Structures are given as C-alpha cells and as structure tokens.
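Note on naming: letters A, B, ... go to the chains in the order of the sequence lines (proteins, then strands), and numbering restarts at 1 for each one. Bear in mind that the values here come from a model prediction, so they are computed numbers and not experimental data.
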2 protein chains.
Amino acid sequence: MSDLLERLRGRGWRMTAQRRVVAEVLDGEHVHLTADEVFTRASAKLPEISRATVYNALGELVSLGEVLEVATDDRAKRYDPNAHRPHHHLLCSRCGTIRDVHPLGDPLADLPATERFGFTVSDVEVTYRGLCPDCASA
Amino acid sequence: MSDLLERLRGRGWRMTAQRRVVAEVLDGEHVHLTADEVFTRASAKLPEISRATVYNALGELVSLGEVLEVATDDRAKRYDPNAHRPHHHLLCSRCGTIRDVHPLGDPLADLPATERFGFTVSDVEVTYRGLCPDCASA
DNA sequence: GTATTGACTTGGACTTAGTCCATCGTAGGA
DNA sequence: TCCTACGATGGACTAAGTCCAAGTCAATAC
C-alpha cells in the first residue's frame, strides 16, 4: 500500500474507487503523464471511470499539493507525482520526454530584491531544454 | 521604424501588411500577449486580418528566434518579444501578469553532468512564481 | 446493520485554443 | 508590367479541458 493513498486518507480525502485508481496510476509511475494518459491507465483498472472524474481528481491532488502540474510546450499539461521532493525538469524538445533533475544551488536566492518588483516570490520552476540521447543521435 | 521590422526584412522575411501589423503589435508591447490578444490588437489596425494568419506569423517569428513562446499555467501560450536579451519570468499566480527579470548567475552552470542523463542541454527557462503587489494586498 | 446526506461521479454538451486546407490574392523578381 | 510562388483567408475541424443536472455512494449517526 502506497504512502500517497495513506497520506490522502489521513488528510480526510474521501476515498472512492475512482480516486483510488487515479492516485495509484500516478503513484506507480515515475514519468510525467498527461491527463489523457492518466485517464487511459485508470480506465484499464476501472473501465467505467469518466474523463471528468479524472480531471476532478487531478485538480484536487494539485490543490492538495500532492501532485505538480507542469506546463510544457505541448498543449496538454503533465502531472508530476514527485511533489514532495523539490526538483526541476529536463525536457526533450523533440519527443517531449521529461526527466526530474536536482541542480546545485537555489535559484530563488539568485533573484535579488531589486528584480522582484514588489512581488512576494514563493516558488521557482526551472526547465532545462535540449535533446535526449535518442533524439540527439537520430 | 522598428528594429524588429528591419531585422525581419533583412532576413528575407517576405513583408505583407498582415505580417507587418503582427510584428508591430509585438514590438510595441512590453507585456506578454496571448495569440488572441495579438489578434485583437492586429485587427484594430487591419480589420480584415484572419486569425489563422496571426497564428502563422507568430509561429514563424518563433522559428526565426525573434519571439519567445512562453507556456504558463493558463491554457493559452504567451508571446514574448524580448527574445534578443536573455531573461527569465516572474509570474503572478493570481492574475497571470508576467514581468521579465534578470537574475544573477547562470542556471545552466548549476546542472552538473551527472544530472544531465546524456541530454544535450541547450537552454533553460526559469519562472519565478508569487503574488504581484496588487494581488498580495487585495 | 440501516438510514441519511452531502460529497462524488457520470456522460454529454459546451468552450477555448489552435490547426488544416482549398482557394484567392499579392510581393517582389525578371 | 507581368508572373508566380509564397502568403492570406475563413470556415471546418481537432484537442484539451470545463460545466452541469441527475444519479450514486462513503462515511457518519443511530
């Protein structure tokens, strides 16, 4: 049994069969799925599940901070289940593959007060872009 | 007359009335417009312009490297005309405002070879997230 | 164990952002 | 000025996501 399901139950998230399969799909994968891919995998485990329910569940997991929403250049957002460990992303500009990476240093510290324009800055998102080994050799 | 139009002409970009207004709209603005906003502003100058033409022109400006495409959490991509000076973005998570910022240091240097997984890394995109002064005080 | 109830799910219609394509128009070279 | 290949048009189409009214069910109370 996964940490994620435990945590969600502990936080009072009403557990249903649908929510369970969505959480399981994300928990089992270390890649970054689109909503549609989550739906496909969830359907395999629970054929009656509806697309709207998957979107609802993903939205809630994001609000709860258990899953991160990643906007790429593709049209579809991707969902990153690794929200509990801060990390950044390495994105292949050809095939769209995403990998988690852990750079040195804290980019938040690199933004001096004079460059904050009065914003209350709470978070940074860093995306490295390039070609993955497969696409670079092709 | 703008630098941008000169540069485009110099690069052999066939100039039409439509392409001119799209370039002018981007050149005149220091904010980051969506394709739809570009279309609205372009229509004000040239009412017959078509949506498809705006998308075509934006796509070409991006391929030419004259304009940057920025994926935010909103559904619509935004277009950043400030492509010639490297910079990052400061995004208000409530109202969606984007500002250009210039942090210290080079985030590319912060990604050690062991964290590159064989990728040929060519670019980094950094987005700071927080609340702008207006939204923070509201 | 059963009843209750408000939260969750459903699926289909709808919206938004963007793409495609056949046809027409025109910028720029000869 | 004429040609022609490249660009523009607009309407149909697709992809991704949202909304909603009606039905279902998990968790609490009894």
> Where along residues 31-70 of chain B does a heavy atom fall under 4.0 Å from DNA chain C?
Replying inline: Ala35(B), Ala52(B), Tyr55(B)
> Pick one: which of Asp36(B), Asn56(B), Val38(B) meets side chain to side chain contact (heavy atoms under 4.5 Å, CB included) with Arg51(B)?
Replying inline: Asp36(B)
> Rounded to whole angstrom units, what separation is found between the CZ atom of Arg11(B) and the C1' atom of dC6(D)?
Replying inline: 18 Å
> Arg14(B) CZ to dA5(D) P: how many Å, rounded?
Replying inline: 11 Å
> Atom CZ of Arg20(B) to atom P of dG7(D): distance rounded to whole Å?
Replying inline: 15 Å
> Is it true that a side-chain atom of Arg41(B) and a backbone atom of Leu33(B) form a donor plus acceptor pair closer than 3.5 Å?
Replying inline: no
>> Can you tell me if Thr16(B) touches the phosphate of dT26(C), counting only side-chain N or O atoms and a distance under 4.0 Å to OP1 or OP2?
In response: no
> Any idea which heavy atoms bring Pro107(A) and Tyr128(B) closest together, and the distance?
Replying inline: O-OH, 3.0 Å
> Nearest of dT9(D), dG28(C), dT9(C) to any side-chain atom of Met15(B)?
Replying inline: dG28(C)
> When you measure from the side chain of Arg78(A) to the backbone N and O of Thr72(A), does any donor-acceptor pair fall under 3.5 Å?
Replying inline: no
>> At less than 4.0 Å, is any side-chain N or O atom of Gln18(B) found next to OP1 or OP2 of dT9(D)? Yes or no.
In response: yes
>> Side chains of His88(A) and Thr127(A), heavy atoms from C-beta outward: is any pair under 4.5 Å?
In response: no
>> Determine whether a donor-acceptor pair (N or O, by modelled atom type, separation under 3.5 Å) exists between the side chain of Arg116(A) and the backbone of Leu111(A).
In response: yes
> Using a heavy-atom distance cut-off of less than 4.0 Å, which residues of residues 71-82 of chain B contact DNA chain C?
Replying inline: Arg75(B), Ala76(B), Lys77(B)
>> Tell me if a side-chain donor or acceptor on Lys77(B) pairs with a main-chain N or O of Asp73(A) at a distance below 3.5 Å.
In response: yes
> Are side-chain N/O atoms of Asp100(B) and His32(B) paired as donor and acceptor at under 3.5 Å?
Replying inline: yes
